[in-house]
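Since the structure comes first, as structure tokens, the remarks are kept for the end.
Just so it is clear: chains get the letters A, B, ... in the order the sequence lines come, proteins before strands, and each one is counted from 1.
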Number of protein chains: 4
Amino acid sequence: MSLNALKQKKPEKYRAILEAAIRVFARKGFYNARVSEIAREAGVADGTIYLYFQNKDDILISLFEEGMKTVIETVREAVSRTNDPLEKLRCFARAHLALIENDKDMAEVIQVELRQSTKFMKEYKNDKFFEYLDIIGEIVREGQAKGMIRADVEPGVVKRALFGALDEMSRFWVLSSKRKYSINTAAEQISEFFIRGIAA
Amino acid sequence: MSLNALKQKKPEKYRAILEAAIRVFARKGFYNARVSEIAREAGVADGTIYLYFQNKDDILISLFEEGMKTVIETVREAVSRTNDPLEKLRCFARAHLALIENDKDMAEVIQVELRQSTKFMKEYKNDKFFEYLDIIGEIVREGQAKGMIRADVEPGVVKRALFGALDEMSRFWVLSSKRKYSINTAAEQISEFFIRGIAA
Amino acid sequence: MSLNALKQKKPEKYRAILEAAIRVFARKGFYNARVSEIAREAGVADGTIYLYFQNKDDILISLFEEGMKTVIETVREAVSRTNDPLEKLRCFARAHLALIENDKDMAEVIQVELRQSTKFMKEYKNDKFFEYLDIIGEIVREGQAKGMIRADVEPGVVKRALFGALDEMSRFWVLSSKRKYSINTAAEQISEFFIRGIAA
Amino acid sequence: MSLNALKQKKPEKYRAILEAAIRVFARKGFYNARVSEIAREAGVADGTIYLYFQNKDDILISLFEEGMKTVIETVREAVSRTNDPLEKLRCFARAHLALIENDKDMAEVIQVELRQSTKFMKEYKNDKFFEYLDIIGEIVREGQAKGMIRADVEPGVVKRALFGALDEMSRFWVLSSKRKYSINTAAEQISEFFIRGIAA
DNA sequence: TATGAATGAGAATTCATTCAT
DNA sequence: CATGAATGAATTCTCATTCAT
């Protein structure tokens with residue numbers, strides 16, 4: 001895509017816009033965010049946005065894809081530290097929630113996008129998200145191959161259930177101000193439920 | 001709310017608008033839905049919408065509250081059929097996913113709203129949703145009292161994790177056309193994971 | 001006009017609407033007044049208004065014509081108490097300002113209408129107002145015939161100037177809360193200026 | 001006001017919109033004027049209006065303030081040509097009516113605004129108008145100090161009465177097509193009435 | 001490249017008026 | 001006569017996007 005070439009030209013500006021967009025989308029939501037507000041927050045002119053992105057939707061998509069790339073890398077790395085599939089699930093949960101904690105705005109934006117079912121989930125083939133989900137799927141299949149996870153467990157259900165559990169927990173985290181327990185507690189508990197739940 | 005009084009006057013029209021709104025919101029998403037399209041679909045004039053609802057937001061809120069009322073009633077009823085707390089969780093999962101299957105449009109709209117973090121989750125105190133979540137919380141506390149669920153399990157984590165797991169599963173259901181396994185399989189598997197995961 | 005017949009049928013309702021309209025127009029101005037607010041204030045249904053008036057404009061016109069009829073009668077009566085044309089001018093000023101003082105809402109509405117140049121002054125032939133203005137014109141011509149008012153004085157200028165002076169004074173009266181001098185002082189001063197100004 | 005800064009950027013466009021607004025408001029009245037008509041008449045897009053003005057009300061307010069600034073300057077200048085307070089009143093009257101004659105549209109709009117008692121006179125502190133009125137007040141006080149105007153004359157009454165007289169005369173001028181006497185005759189007669197009326 | 005003034009399509013909402021009851 | 005729910009035309013204002021500079 002021609003615009004991708006531009007990303008290479010002034011990467012600082014591209015990043016500035018993307019980071020401004022994260023903040024504005026997190027604050028206002030995609031539909032209530034104004035392109036001019038993103039421009040102001042990025043310190044560029046309104047028109048400049050369109051030198052780096054095709055339109056407002058494209059900002060969100062790019063945001064999401066860039067974000068997911070980092071998330072996938074980080075989580076893959078965390079998971080690769082152990083060979084025990086059950087332990088890998090724990091690592092996944094910890095890494096996922098740690099990412100949320102480190103970048104709440106990004107977390108919120110990704111959640112909004114993932115959930116804005118209509119516009120984005122319907123029109124846009126969300127490969128990155130499926131790739132992410134399937135990290136869990138792979139772990140489950142590996143565990144089943146090693147006989148550590150019950151054979152009747154559906155990897156496709158586990159991946160969605162675990163992701164959903166972590167995601168709902170993180171939404172609570174992002175939106176709530178008062179928190180009864182730490183995000184670590186949540187990570188430990190949720191991975192514990194799933195490990196016990198699916199272990200052979 | 002003063003407008004609620006009107007619901008009593010011509011309940012058919014109130015319901016017609018609400019049901020049209022469910023379909024339109026499910027099809028287009030809240031922000032891309034046009035009030036005039038809801039009116040057309042409901043068979044009323046644009047202005048009539050405003051005799052029953054304060055504004056477009058109010059349609060969504062009303063939709064959500066009415067929907068949650070039904071969901072809470074149905075799930076409460078399903079759960080009350082057994083005394084075994086672990087079994088209750090299974091009933092919860094089945095009932096939740098059955099509701100999704102029976103009214104996909106409503107399911108999608110509720111999910112959109114729940115996730116539109118910004119506008120709705122931030123500004124609108126979402127009591128109905130917390131009430132729903134806490135059905136699970138109560139079951140867990142009951143199970144702990146009976147010694148059937150481990151005491152170190154956090155009810156607040158379980159309720160969000162289980163809800164998140166079911167919800168993510170149902171999003172997949174709603175959005176995807178091709179389905180590898182039935183919604184019943186998903187309900188059984190997810191409740192099985194959690195039951196094993198938290199049982200004493 | 002067919003509607004005029006209706007005025008005869010339930011004169012209380014006709015008057016109730018008119019009086020409600022005076023209050024609402026005075027409070028909000030014609031364009032910001034809502035027909036439904038007039039209806040509520042009159043204690044009738046929205047639709048009932050249209051049994052007594054053709055439309056919103058017609059309420060204002062009727063209001064004005066009824067009001068001017070009273071004003072003309074009252075002022076004519078006051079003026080007829082003396083034979084001295086100069087003294088008549090003083091009576092006119094006193095009566096005009098007294099009317100304002102007695103019915104501020106009506107005064108304000110009449111002023112609004114008189115001044116809403118465009119819609120009403122252009123489209124609607126304002127006979128009543130000219131009749132009122134010409135009470136002054138007649139007095140001036142009578143005074144000139146009796147040699148008490150200078151012959152070079154233009155009655156058409158005097159009538160507009162005196163009316164304008166009184167009207168501006170009354171606007172001040174209606175809109176201002178703190179008043180340095182009484183409305184009587186104003187009446188005396190203004191008539192004094194004009195009497196000296198035009199006397200032979 | 002922040003928008004005033006914009007006036008400096010493209011003053012031609014600001015003026016074009018203002019002048020279009022004068023014509024449209026004069027033709028249709030404020031409430032019947034359409035923003036899109038002003039835009040068309042100014043040769044700009046609808047949205048452009050909102051780069052220079054906050055909303056429709058703001059156009060009228062700006063119009064009024066700009067207009068009054070000119071009026072005040074012109075009249076002040078005219079009045080300063082003589083030292084005789086009574087003669088100053090004549091200059092005031094001539095200058096006022098000459099302004100009306102030169103810019104009938106503006107005159108009509110200012111009158112509409114001044115008289116739209118409700119919306120504008122009540123909510124908007126009309127300093128410019130009071131400043132204008134008080135030019136007359138100052139002249140009267142000066143005349144009293146010099147012993148040329150009777151001491152019992154209330155400057156506050158004279159200023160409103162003279163302004164009202166001129167204003168009513170000019171409304172007649174603006175609205176009427178057939179005119180029995182020239183605007184100069186009116187100016188001379190009215191100033192003559194007041195000069196005789198208040199002279200010592 | 002970068003700007004930001006200008007554009008104009010588009011949408012929510014209002015409210016005078018009607019008419020079935 | 002009276003009602004008030006329903007209508008739908010009409011209008012302001014917003015904001016993503018463009019393009020001349």
Problem set entry | side-chain N/O C:Arg34 vs E:dA16 OP1/OP2, d < 4.0 Å | yes

Problem set entry | Length of the NZ-P vector between A:Lys56 and F:dT17, whole Å | 8 Å

Seminar exercise, completed: Checking E:dA6, F:dT17, E:dA2 against the side chain of A:Leu51 (C-beta onward), the nearest is E:dA2

Exercise. When the nearest nucleotide of DNA chain F is assigned to D:Thr48 and to C:Thr48 on a heavy-atom basis, which residue is associated with the more 5' position?
Worked result: C:Thr48

Exercise. Can a side chain N or O of B:Lys13 be found less than 4.0 Å away from OP1 or OP2 on F:dA6?
Worked result: yes

Problem set entry | Check against side chain to side chain contact (heavy atoms under 4.5 Å, CB included), C:Glu19 and C:Arg23 | CA-CA 7 Å; C:Glu19 267 151 36; C:Arg23 291 192 297 274; 4.1 Å; yes

Problem set entry | Watson-Crick and G-U pairing of DNA chain F written in dot-bracket, each distance under 3.5 angstrom, with | for inter-strand partners | .||||||||||||||||||||

Exercise. Considering only side-chain heavy atoms of C:Tyr52, which listed nucleotide, F:dA2, F:dG8, E:dA5, is closest?
Worked result: F:dA2

Exercise. Nearest-Å distance, CG (D:Asn32) to P (F:dT12)?
Worked result: 10 Å

Exercise. Which residue lies toward the 5' end of DNA chain E, A:Gly43 or B:Ala33, if each is placed at its nearest nucleotide?
Worked result: A:Gly43

For this session: Would you please test A:Phe25 and A:Asp105 for side chain to side chain contact (heavy atoms under 4.5 Å, CB included) and show each step?
Result: CA-CA 8 Å; A:Phe25 287 159; A:Asp105 283 349; over 6 Å; no

For this session: Tell me what D:Ala39 touches on the nucleic acid: a base, only sugar-phosphate, or nothing, going by heavy atoms under 4.0 Å.
Result: nothing

For this session: Work out which heavy atom in D:Ala26 is nearest to a heavy atom in D:Val109; give both atom names and the distance.
Result: N-CG2, 3.7 Å

Problem set entry | Proximity to the side chain of A:Val35 - top-ranked nucleotide from F:dT17, E:dT13, E:dG4 | F:dT17

Problem set entry | Aromatic plane relationship, B:Tyr52 with B:Tyr14 - under 30° parallel, 30 to 60° tilted, over 60° perpendicular | tilted

Exercise. Given atom CD1 of D:Ile49 and atom C1' of F:dT11, what is their separation to the nearest angstrom?
Worked result: 14 Å

Seminar exercise, completed: Assert: residue with more 5' nearest nucleotide on DNA chain F, out of C:Asp46 and D:Ser36, is C:Asp46

Exercise. Is there a donor-acceptor pair closer than 3.5 Å between any side-chain N or O of A:Lys56 and the backbone N or O of A:Phe30?
Worked result: yes

Seminar exercise, completed: From CG of B:Asn55 across to P of E:dA11 the rounded distance in Å is 17 Å

Exercise. Is any side-chain nitrogen or oxygen of B:Tyr50 closer than 4.0 Å to OP1 or OP2 of F:dA6?
Worked result: no

Problem set entry | Nearest-Å distance for atom pair CG/P, residues A:Asp58 and F:dA16 | 15 Å

For this session: Can you measure from CZ (C:Arg34) to CZ (C:Arg40) and round to the nearest 0.5 angstrom?
Result: 12.0 Å

Problem set entry | Considering all heavy atoms, the nearest A:Met68-A:Phe129 contact | CE-CA, 4.0 Å

Seminar exercise, completed: Nearest-nucleotide check on DNA chain E, C:Gly47 vs D:Val44; residue mapping nearer the 5' end is D:Val44

For this session: For residues B:Ile17 and B:Ile38, report the shortest heavy-atom separation together with the two atoms involved.
Result: O-CG2, 3.9 Å

Exercise. For the pair made of CG in A:Asp57 and C1' in F:dC15, what is the distance, rounded to whole Å?
Worked result: 14 Å

Problem set entry | B:Tyr31 OH - F:dC15 P separation (whole Å) | 12 Å

Problem set entry | Spacing between A:Phe53 atom CZ and F:dA16 atom P, to the nearest angstrom | 15 Å

